[in-house]
J.: 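To start, I am sharing the structure in question, which I have written as structure tokens.
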Amino acid sequence: MNRLMNAFPTRISFLTMVFLTSFRAQSLYETDYQQYSNLNREGKEVSVQSLLGETELLLKKKTSDLQKLVDIKEDAYNELITMHSQGQFPDEARIDELCARHPKLIIKSMTGCHRYYNCSGEDTELSRWISIYRLWHSKFEHECHYPFLFSDETMQCENYTEVSCLNRYEPTWECRYFRLTCKPRMHCDSGSCGRKYITCEDKEDGLQPSPHQQLHYPNYITCDKGRRIHEGRCPVDALWGVQSFPYNGQCIQLFGVPTVYNPYGLLPSCNGTVDGNYPFTNGSYCFGYYKCEGGVATAVKCPSRTIFDTDKRICDLRGSCNL
């Protein structure tokens, strides 16, 4: 008992020391953490202030540059207004002088919707023709690529569907663009452009047979507003199992193409024929027939696993097709 009582103060001292050490360690940790947090916050504040300063300088520079550009545009605009009031317009005779005073000016051509003037530079593909028979007028005159047109709203070349030309000339064929035409010293002739680029100027919108191919070829072109926007080849019809051809604005399988329209078509005429169902004698095809109704012929495909019975004149599972 005495031994236990003697050891008790020692244990109290030890526990007190452990507690004080832990308390001091916790205090040191909290102090260090607080100092770190303050330092980190101060560092972030310095970084943010530095970033804000750099942003402010950048904005001032951008604003200054924008104001200069506005002043330049305003001067050019005022001069253009004066020219218009005097009945004058920027053209080949005036553009060089105008660009000398306003080197940042971009303006549409008053004659062609596919052309414009850019006073900041030249297109050497076009300007090199200035010295050759004066085929091009000014180094500041530019031309969009087909089928693009120059928009006076966005001040750049845009797809023809996005541009309103009003009374300006609007070309619809590649060969109306200077950069694609045959020129002197080039190995071509006056008709080479027309042979290379099919025109839709004389065609209706939609899918049309390719004029560069004979009727037994399934090639087609797609026209839109006088422009050729696509070339392709009609596929083999999966249902009928035969080649399809361009007809009535779409690709139609061969049995649906009238012979009077295309001699390679397999749809006979019903002119003067009594209404009813008839076999495709021309193509020896038993899996379908053509129907005459009011003098109009229509190709009809028999349901799966049936054939056209030439006696009953209907599609039948066990039909007899004698062609």
Side-chain angles (χ1 to χ4, degrees), residues 145-148 159-162 171-177 180 191-273 275-308 310 313-315 319 321 323:
H145 289 264
Y146 178 87
F148 285 72
N159 192 42
Y160 70 94
T161 58
E162 306 298 324
T172 57
W173 183 27
E174 287 97 328
C175 297
R176 308 296 184 197
Y177 284 67
L180 296 175
S192 61
C193 185
R195 290 190 295 271
K196 183 176 182 180
Y197 301 107
I198 301 173
T199 178
C200 277
E201 291 182 321
D202 57 345
K203 295 177 176 59
E204 296 180 358
D205 289 355
L207 189 144
Q208 307 284 345
S210 175
H212 284 186
Q213 301 289 342
Q214 298 180 8
L215 290 175
H216 61 276
Y217 283 93
N219 298 62
Y220 68 87
I221 59 174
T222 304
C223 300
D224 181 55
K225 298 179 180 178
R227 296 172 176 81
R228 177 186 50 79
I229 59 174
H230 180 67
E231 289 186 56
R233 180 185 175 90
C234 290
V236 172
D237 188 278
L239 180 62
W240 288 78
V242 294
Q243 179 67 49
S244 58
F245 283 76
Y247 174 65
N248 273 354
Q250 55 186 320
C251 288
I252 300 294
Q253 50 81 21
L254 202 58
F255 289 101
V257 179
T259 305
V260 294
Y261 171 81
N262 184 334
Y264 295 94
L266 297 177
L267 182 63
S269 172
C270 283
N271 188 24
T273 304
D275 289 358
N277 300 335
Y278 296 90
F280 286 110
T281 55
N282 190 22
S284 299
Y285 190 80
C286 293
F287 300 99
Y289 62 95
Y290 71 96
K291 178 173 64 175
C292 289
E293 189 172 7
V296 178
T298 305
V300 181
K301 182 71 171 64
C302 285
S304 177
R305 299 181 181 179
T306 66
I307 61 174
F308 182 69
T310 52
R313 301 295 180 91
I314 61 171
C315 293
C321 183
L323 298 177

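We're numbering straight along the sequence, starting at 1.
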J.: What residues form a side chain to side chain contact (heavy atoms under 4.5 Å, CB included) with Lys291, not counting sequence neighbours?
T.: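 Lys291 satisfies side chain to side chain contact (heavy atoms under 4.5 Å, CB included) with Asn277, Tyr289, Glu293, Val300 only.
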
J.: Gln213 side chain to Pro209 main-chain N or O, any donor-acceptor pair under 3.5 Å?
T.: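 No.
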
J.: In chain order, what residues pass the ring-ring contact (aromatic ring centres under 6.0 Å, His included) check against Tyr278, with sequence neighbours excluded?
T.: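 Partners of Tyr278 under the ring-ring contact (aromatic ring centres under 6.0 Å, His included) test: Tyr290.
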
J.: Could I get the full list of side chain to side chain contact (heavy atoms under 4.5 Å, CB included) partners for Cys175, not counting sequence neighbours?
T.: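 Cys175: side chain to side chain contact (heavy atoms under 4.5 Å, CB included) contacts with Trp173, Cys193, Tyr197.
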
J.: Which residue pairs pass the side-chain hydrogen bond (donor to acceptor under 3.5 Å, both in side chains) test with at least one member in residues 237-250, sequence neighbours excluded?
T.: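 Not a single pair qualifies under side-chain hydrogen bond (donor to acceptor under 3.5 Å, both in side chains).
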
J.: Can you name the residues that form a salt bridge (Lys or Arg N to Asp or Glu O under 4.0 Å) with Arg313, not counting sequence neighbours?
T.: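 For Arg313, no residue satisfies salt bridge (Lys or Arg N to Asp or Glu O under 4.0 Å) once neighbours in sequence are set aside.
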
J.: For Phe287, enumerate each residue passing the side chain to side chain contact (heavy atoms under 4.5 Å, CB included) test, keeping only those at least two apart in sequence or located in another chain.
T.: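 For Phe287, the residues satisfying side chain to side chain contact (heavy atoms under 4.5 Å, CB included) (neighbours in sequence not counted) are Tyr285, Lys301, Ile307.
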
J.: Mind checking the CD1-CZ spacing from Ile314 to Phe308? Nearest 0.5 Å is all I need.
T.: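 That separation rounds to 8.5 Å.
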
J.: Among residues two or more places apart or on two chains, list those pairs meeting salt bridge (charged side-chain N to carboxylate O under 4.0 Å, His left out) that have a residue in residues 208-230.
T.: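 Pairs touching residues 208-230 that pass the test: Glu170-Arg227, Glu174-Arg228, Arg228-Glu231.
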
J.: My understanding is that only residues two or more places apart in sequence, or in another chain, count here; which of them pass side chain to side chain donor-acceptor pair (under 3.5 Å) with Asp275?
T.: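 Listed in chain order: nothing, the list is empty.
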
J.: With sequence neighbours excluded, tell me which residues meet salt bridge (Lys or Arg N to Asp or Glu O under 4.0 Å) with Glu201.
T.: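 Salt bridge (Lys or Arg N to Asp or Glu O under 4.0 Å) check on Glu201 returns Arg176.
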
J.: Test of understanding: with ring-ring contact (aromatic ring centres under 6.0 Å, His included), list the residues that count as partners of His230, not counting sequence neighbours.
T.: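 Tyr220.
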
J.: So, using ring-ring contact (aromatic ring centres under 6.0 Å, His included) as the criterion, who are the partners of Tyr177 when residues are at least two apart?
T.: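 With neighbours one apart ignored, the set is His114, Tyr146.
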
J.: Name each donor-acceptor pair under 3.5 Å that joins a side chain in residues 255-266 to protein atoms two or more places apart or in another chain, with its distance.
T.:
unit_1	atom_1	unit_2	atom_2	d
Thr259	OG1	Gly265	O	3.1
Thr259	OG1	Leu267	O	3.4
Asn262	OD1	Tyr264	N	2.9
Asn262	ND2	Leu215	O	2.9

